[in-house]
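See structure below.
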Amino acid sequence: MTDYTEIWQKLGLNLENHAGLLAVLSEGYKNIYLSQKSRPKGMEYFDFVISEVHGLRIKEIADAKQAGRKVVGTFCVYVPEEIVLAADGVCIGLCAGAEVGSDEAEKFIPRNTCALIKAFMGFKLAGLCPYVELTDLIVGETTCDGKKKAYEIFQNITGKVYVMEIPNMKNEESKKLWHAEVVRFKETVEAITKKTITLTNLKKGASLVNEKRRALQRLSGLRAADPAPISGLDALLVNQVSFYDDPVRFTEMTNKLCIELEERIEKGIGVASRGARRVLLSGSPMAIPNWKLHSIIEGSGAVVVGEESCVGERNFRDLLDENFSTVEEGLKKMADRYLEIDCACFTPNDERLENIQAMTKKLRANGVIHYALQFCTPYMMEAYKVEKALGSIPFMRMETDYSMEDVGQLKTRVEAFLEMVK
Ligand code: BJ8
C-alpha cells in the first residue's frame with residue numbers, strides 16, 4: 001500500500017488522530033459494505049475509491065494544484081459545479097458524515113447544531129480533513145440558519161470562505177437575485193483561477209456535469225426493477241462518491257456499473273428476493289460515511305430503492321439545458337436550473353411533495369421513511385407536509401445524528417414499520 005504520510009504531513013493533518021479515523025472507517029466499511037451478499041462486480045471500483053479516499057484522490061488533487069489548477073470546496077448542491085469545471089478547477093464536496101471533532105466544534109458552535117455542520121467544523125478543527133486543506137476557495141450558501149452562521153466562523157478559521165446568497169422563495173425578484181449571484185460566482189472563480197470563462201469552456205463544463213447527472217439518473221432508474229439489482233447501501237455510496245471523484249472517470253465507472261445492472265435485471269438477479277419490501281428515504285443529505293439508516297433498513301430485510309435527498313435525486317434530477325449560444329445565456333439557464341432544486345430551506349416548497357410522490361410511484365416503493373438530522377429544522381418541519389401528501393402510503397419519520405447510540409432503538413422502529421409495509 002502506498003504511504004501518503006508525507007502529503008498528510010504537508011497538509012498539516014493530525015497524523016495520530018488521522019490514522020485512528022482511517023482505521024475506524026476501514027473497519028466500518030468492511031462490516032457494512034464488504035459483508036453484503038450478491039454485490040455487483042462494478043462496485044469494486046467504488047470500494048477502491050473509498051479505500052483511497054484520503055490517499056490516491058488526495059494525491060491527484062494535490063498534483064492538480066501543483067499543475068496550477070484551483071480547488072473549490074462546496075457544501076451544497078446549489079453551487080454550480082459547471083462554472084468551476086469551465087475554469088479548469090477541481091470541485092469537491094466537503095460535507096462530512098461522521099461524528100468527529102465534536103468537542104472541538106462545540107467550542108465554536110452550540111451543542112444542538114445539526115451533525116452535518118458539527119462534522120465539517122469538527123473535521124477541520126481536529127486536523128482530519130485533507131480536502132479542506134487543499135481548497136483555494138470554500139463556497140458557503142445562505143440556506144439553513146445553522147450553515148449560514150457556521151460559515152462566518154469557518155471563515156475566521158480558514159480565511160477562504162465565500163458565500164452565495166440563495167433566496168428563500170422562487171418569485172421573479174428572487175430569480176433576479178439568484179441569477180446575479182451565479183454571475184458573481186463566475187467572476188469570483190475567474191479571479192481565483194485567473195482564467196476567463198468562455199462559451200467553449202462553459203459548454204464543456206456543462207456537458208461534463210450533465211453526463212455525470214445522466215449516469216446517476218440511469219442508476220436511479222434501474223433501482224425501479226424488482227428484484228432490486230443493487231442495494232441501497234451501494235447506490236448511496238455511488239452518490240456519495242460523485243461529490244469527490246474525478247467527474248469523467250466517475251461517469252465512466254457509473255455507466256459501466258449500470259450496464260452490469262441492466263444485465264442483472266434481464267436475468268432476474270437481485271440483491272433481495274423478488275417482492276422484498278421497498279423503502280424510499282427522503283430528507284436530509286447523507287454524507288460519507290453516514291451509512292447508518294440504510295444499514296439498519298437493509299439489515300432488517302428490506303431494500304432501499306431511492307434517496308429523495310441532495311446525496312441522491314435532488315442532485316441529479318434536472319439537467320442543464322446545454323442549448324445556449326453566449327456565456328450570459330448559459331449562466332441564465334444555469335441559474336434557472338439550480339433554482340429548480342426543491343430544498344426544504346425554500347418556502348413554499350410544494351414541488352418537493354410532488355417529486356416524492358413521483359419517486360414513490362416510479363421506484364415502486366411500499367413505504368417512505370423521512371429522515372432528518374437532529375436540529376435540521378427545515379426538513380423536520382417539512383415532514384408533516386410530506387406525510388400528508390403521501391396519503392395512505394406507509395410513512396415514518398426519523399430524527400437522528402451520526403452517533404451509534406440509538407441504533408438499537410432505530411432498528412426496533414424500522415422493524416415495526418416494515419411490519420406495516422408488508
Ligand atoms: S440544497 S439540503 S445541500 S442546504 S442537514 S446543514 S439543511 S440543518 S445540508 Fe443542504 Fe443545500 Fe438544502 Fe441540499 Fe442545514 Fe439541515 Fe444540517 Fe443541511
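Quick caveat: nothing in here was measured; it's all calculated off a predicted structure. Counting starts at 1 for both ligands and their atoms, in listed order.
Contact check on Glu298 versus Arg277 returns no salt bridge, with no Lys/Arg side-chain nitrogen under 4.0 Å from an Asp/Glu carboxylate oxygen. At a threshold of 4.0 Å, the pair Lys332-Glu329 does not count as salt-bridged, since none of the basic side-chain nitrogens sits closer than that to a carboxylate oxygen. We find that Arg213 and Asp318 are not joined by a salt bridge, their nearest charged nitrogen and carboxylate oxygen being 4.0 Å or further apart.
When distances to atom 14 (Fe) of ligand 1 are checked against a cut-off of 2.8 Å, Cys144 contributes an N, O or S atom below that limit.
Here Tyr379 has side-chain heavy atoms under 4.0 Å from ligand 1, and that is the only part of it that gets that close. Contacts of Cys114 with ligand 1, taken as heavy-atom pairs under 4.0 Å, involve the side chain alone. At a 4.0 Å heavy-atom cut-off, ligand 1 does not touch Ser309 at all.
Between the side chain of Thr135 and the backbone N or O of Val132 there is at least one donor-acceptor pair closer than 3.5 Å. Checked by atom type and distance alone, the side chain of Thr113 never pairs as donor or acceptor with a backbone atom of Lys118 at under 3.5 Å.
The Thr143 neighbourhood of ligand 1 comprises atoms 4 (S), with distances under 4.0 Å to a heavy atom of that residue. Taking a cut-off of under 4.0 Å to the non-hydrogen atoms of Tyr78, the atoms of ligand 1 that pass are 1 (S). Each of the atoms 1 (S), 3 (S), 4 (S), 11 (Fe) of ligand 1 lies under 4.0 Å from some heavy atom of Cys76. Proximity to Lys147 (heavy-atom distance under 4.0 Å) selects the following atoms of ligand 1: 3 (S), 4 (S), 6 (S), 9 (S), 10 (Fe), 11 (Fe). Under a 4.0 Å criterion applied to the non-hydrogen atoms of Phe75, ligand 1 contributes the atoms 3 (S). Ligand-side atoms of ligand 1 in range of Ile117: 6 (S), range being under 4.0 angstrom from any heavy atom.
Nearest protein heavy-atom contact of atom 13 (Fe) of ligand 1 is Cys310 SG, 2.2 Å.
Distances from ligand 1 to the non-hydrogen atoms of Gly146 include no value under 4.0 Å.
Of the protein's heavy atoms, at least one falls inside 4.0 Å of atom 3 (S) of ligand 1.
Which of Gly312, Cys376, Cys343 comes nearest to atom 8 (S) of ligand 1 through a heavy atom is settled by distance: it is Cys376.
Looking at Lys411, Lys292, Arg413 one by one, the single match for salt bridge (Lys or Arg N to Asp or Glu O under 4.0 Å) with Asp406 turns out to be Lys292.
Note on ring orientation: taking the six-membered ring where Trp is involved, the planes of Trp178 and Tyr78 are perpendicular (angle over 60°, cut-offs 30° and 60°). Taking the six-membered ring where the residue is Trp, His54 and His18 present parallel rings, their angle staying beneath 30° rather than reaching 60°. By the 30° and 60° cut-offs, the orientation of the rings of Trp8 relative to Tyr4 is tilted.
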